[in-house]
Trainee: 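Structure below; questions to follow.
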Amino acid sequence: MQERIEWSSLPAGLRNAIGAQVGQITAARTLSQGMNSALAAVLDTPGGQVFVKGIRTDHAGVVAQQREATINPHVQPLAPALLWRLDDADGWDVLAFEYIAGRHPDYAPGSPDLPAVLAAVDTLTSLPVPDLPLKDARKRWRGYLDDSEAELLGGETLLHTDYNPDNILITQDGTPRMIDWAWPTRGGAWIDPCCLALRLIAAGHTAAQAEQLVSRTRAWASAPRTALGVFARANVDMWTDIATSDPQPWKQRMADAARQWADGQLASV
């Protein structure tokens, strides 16, 4: 988790390098959402507003930011367009995106935002898998599965996998946009609906309610019942490890959600 740095506290060399790209910056608003970028700000420039995010080049998280830059052209128009990148601006790696005015969805039961989130899942499922060295779902979760179980996660669909509501924007006309593509993954189409289901449970849905919602996506129909059970168990182990090593409340909620979902899978067998 990165500590957010206010625009005025950033190194002058970094601010000057960004200014050279966008022109005179008349205002800068630091955003509080998100956890992985030390720099996250909306800049007012002669060409309009621009969103910039950045991380020091010596931080391990710079690899994820590089992945985000690489995948961006392949996830249009679902994701805001990458405008430019500085890969070493006074020791910082910076991405600049078109600014999208919107709000993050409410995942609570009964929220009117849920259909738009489900539509985003369907839109992503329809995009072709780019010829890139993407993460492979079988390898991402193999530490929690045996080899035969991990093979059930394989597939040829582009996945986002991180359905934290901070990673979805709902625009003024109701269009969903997906941001923070740090973990683009190749795998079974049903995996993204599962990742969303866990977030819905953490937001107050029962496991059955969450499954009923994500079952509306086209991808859910491709989910083998055995694979769902395997993936549910893997997520219990993964989120338990995450919450144990860093017991932040949201991580504990995710671990609880994973257990609820896995219990529901066992009950349906």
Side-chain angles (χ1 to χ4, degrees), residues 1-2 34-36 60-61 63-64 67 107 117 121 124-125 133-168 178 180-215 217 219-269:
M1 185 172 180
Q2 288 278 291
M35 297 173 287
N36 299 318
V63 176
R67 288 196 293 263
Y107 277 7
V117 178
V121 176
L124 177 55
T125 301
L134 302 172
K135 293 285 185 179
D136 188 294
R138 293 168 295 184
K139 294 181 180 179
R140 275 191 62 181
W141 280 275
R142 181 159 284 163
Y144 303 101
L145 301 169
D146 64 35
D147 288 348
S148 61
E149 291 173 330
E151 286 301 312
L152 297 173
L153 276 57
E156 292 299 320
T157 298
L158 177 62
L159 309 171
H160 185 284
T161 73
D162 187 357
Y163 281 84
N164 182 328
D166 283 350
N167 291 341
I168 305 286
M178 297 182 69
D180 284 350
W181 291 80
W183 294 94
T185 298
R186 183 193 310 267
W190 52 271
I191 291 176
D192 261 8
C194 290
C195 293
L196 174 58
L198 287 175
R199 295 286 178 172
L200 295 176
I201 296 168
H205 296 259
T206 67
Q209 289 171 336
E211 279 205 9
Q212 191 278 329
L213 281 165
V214 301
S215 70
T217 63
W220 184 259
S222 67
R225 178 54 62 177
T226 300
L228 290 177
V230 164
F231 192 63
R233 287 191 289 102
N235 273 276
V236 171
D237 293 342
M238 181 185 75
W239 282 108
T240 298
D241 282 352
I242 291 171
T244 299
S245 63
D246 185 14
Q248 296 182 57
W250 76 268
K251 294 181 179 180
Q252 295 182 49
R253 287 195 299 273
M254 288 301 297
D256 289 341
R259 285 188 287 270
Q260 290 179 47
W261 186 45
D263 289 344
Q265 289 297 314
L266 288 173
S268 67
V269 174

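What you are looking at is a predicted structure, and each value in this text was computed from that prediction instead of being measured.
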Trainee: What do the steps show when you test I168 against M178 for side chain to side chain contact (heavy atoms under 4.5 Å, CB included), and what is the final call?
Mentor: CA-CA 5 Å; I168 305 286; M178 297 182 69; 3.7 Å; yes
Trainee: Tell me every residue that passes side-chain contact (heavy atoms from CB on, under 4.5 Å) with E211, counting only those two or more places apart in sequence or in another chain.
Mentor: W220, R225, W261, Q265
Trainee: Return the minimal non-hydrogen interatomic distance between A257 and L198, and the atom names on each side.
Mentor: CB-O, 3.5 Å
Trainee: Does the distance from a Lys or Arg side-chain N to an Asp or Glu carboxylate O, for D256 and R253, drop under 4.0 Å?
Mentor: no
Trainee: Atom CZ of R186 and atom CD of E156: how far apart are they, to the nearest 0.5 Å?
Mentor: 5.0 Å
Trainee: In a check of side-chain contact (heavy atoms from CB on, under 4.5 Å) between K251 and each of T240, D246, T244, which one passes?
Mentor: D246
Trainee: Which heavy atom of A210 sits nearest a heavy atom of L200, and at what distance?
Mentor: CB-CB, 4.0 Å
Trainee: What are the two closest non-hydrogen atoms of N167 and H160, and how far apart are they?
Mentor: ND2-CE1, 4.1 Å
Trainee: Look up atom CH2 in W181 and atom CG in L158, then write down how far apart they are to the nearest 0.5 Å.
Mentor: 5.5 Å
Trainee: Please find the pair of heavy atoms, one from R138 and one from L153, that lie closest to each other, and give the distance.
Mentor: CG-C, 4.0 Å
Trainee: Begin from the C-alpha positions of Y107 and L196 and carry the test side chain to side chain contact (heavy atoms under 4.5 Å, CB included) through to its verdict.
Mentor: CA-CA 10 Å; Y107 277 7; L196 174 58; 3.9 Å; yes
Trainee: Between G187 and A137, what is the shortest heavy-atom contact and its length?
Mentor: CA-CB, 3.9 Å
Trainee: Using a 4.5 Å cut-off on heavy atoms from C-beta on, say whether the side chain of L159 contacts that of D192.
Mentor: yes
Trainee: Mind checking the CE-CG spacing from M238 to L145? Nearest 0.5 Å is all I need.
Mentor: 10.5 Å
Trainee: Please name all residues satisfying side-chain hydrogen bond (donor to acceptor under 3.5 Å, both in side chains) with T161, sequence neighbours left out, ordered by chain then number.
Mentor: R140
Trainee: What is the distance from atom CG of D147 to atom CG of L152, rounded to the nearest 0.5 Å?
Mentor: 11.5 Å
Trainee: State the CH2-CD1 distance between W141 and I191, to the nearest 0.5 angstrom.
Mentor: 5.5 Å
Trainee: Is it true that the NZ or CZ of R67 lies under 6.0 Å from the centre of W183's six-membered ring and within 45 degrees of the ring axis?
Mentor: yes
Trainee: To check you understand the geometry: which heavy-atom pair defines the closest contact between Y163 and C195, and what is its length?
Mentor: CD1-CB, 4.0 Å
Trainee: Report the residues that fulfil salt bridge (Lys or Arg N to Asp or Glu O under 4.0 Å) with R199, sequence neighbours left out, ordered by chain and then residue number.
Mentor: D162
Trainee: Who passes side-chain contact (heavy atoms from CB on, under 4.5 Å) against D241, sequence neighbours left out?
Mentor: Y144
Trainee: Between Q252 (side chain only) and P247 (backbone N and O only), is there a donor and an acceptor less than 3.5 Å apart?
Mentor: yes
Trainee: Before you tell me yes or no, could you show the steps for C194 and L228 under side chain to side chain contact (heavy atoms under 4.5 Å, CB included), namely the whole-Å CA-CA distance, both residues' side-chain angles and the distance that decides it to 0.1 Å?
Mentor: CA-CA 8 Å; C194 290; L228 290 177; 3.4 Å; yes
Trainee: For N235, what residues pass the side-chain hydrogen bond (donor to acceptor under 3.5 Å, both in side chains) criterion, not counting sequence neighbours?
Mentor: none
Trainee: For D146, check side-chain contact (heavy atoms from CB on, under 4.5 Å) against everything at least two apart and list the hits.
Mentor: S148, E149
Trainee: Can you tell me how far apart CE (M254) and CD1 (I242) are? Round to the nearest 0.5 Å.
Mentor: 8.5 Å
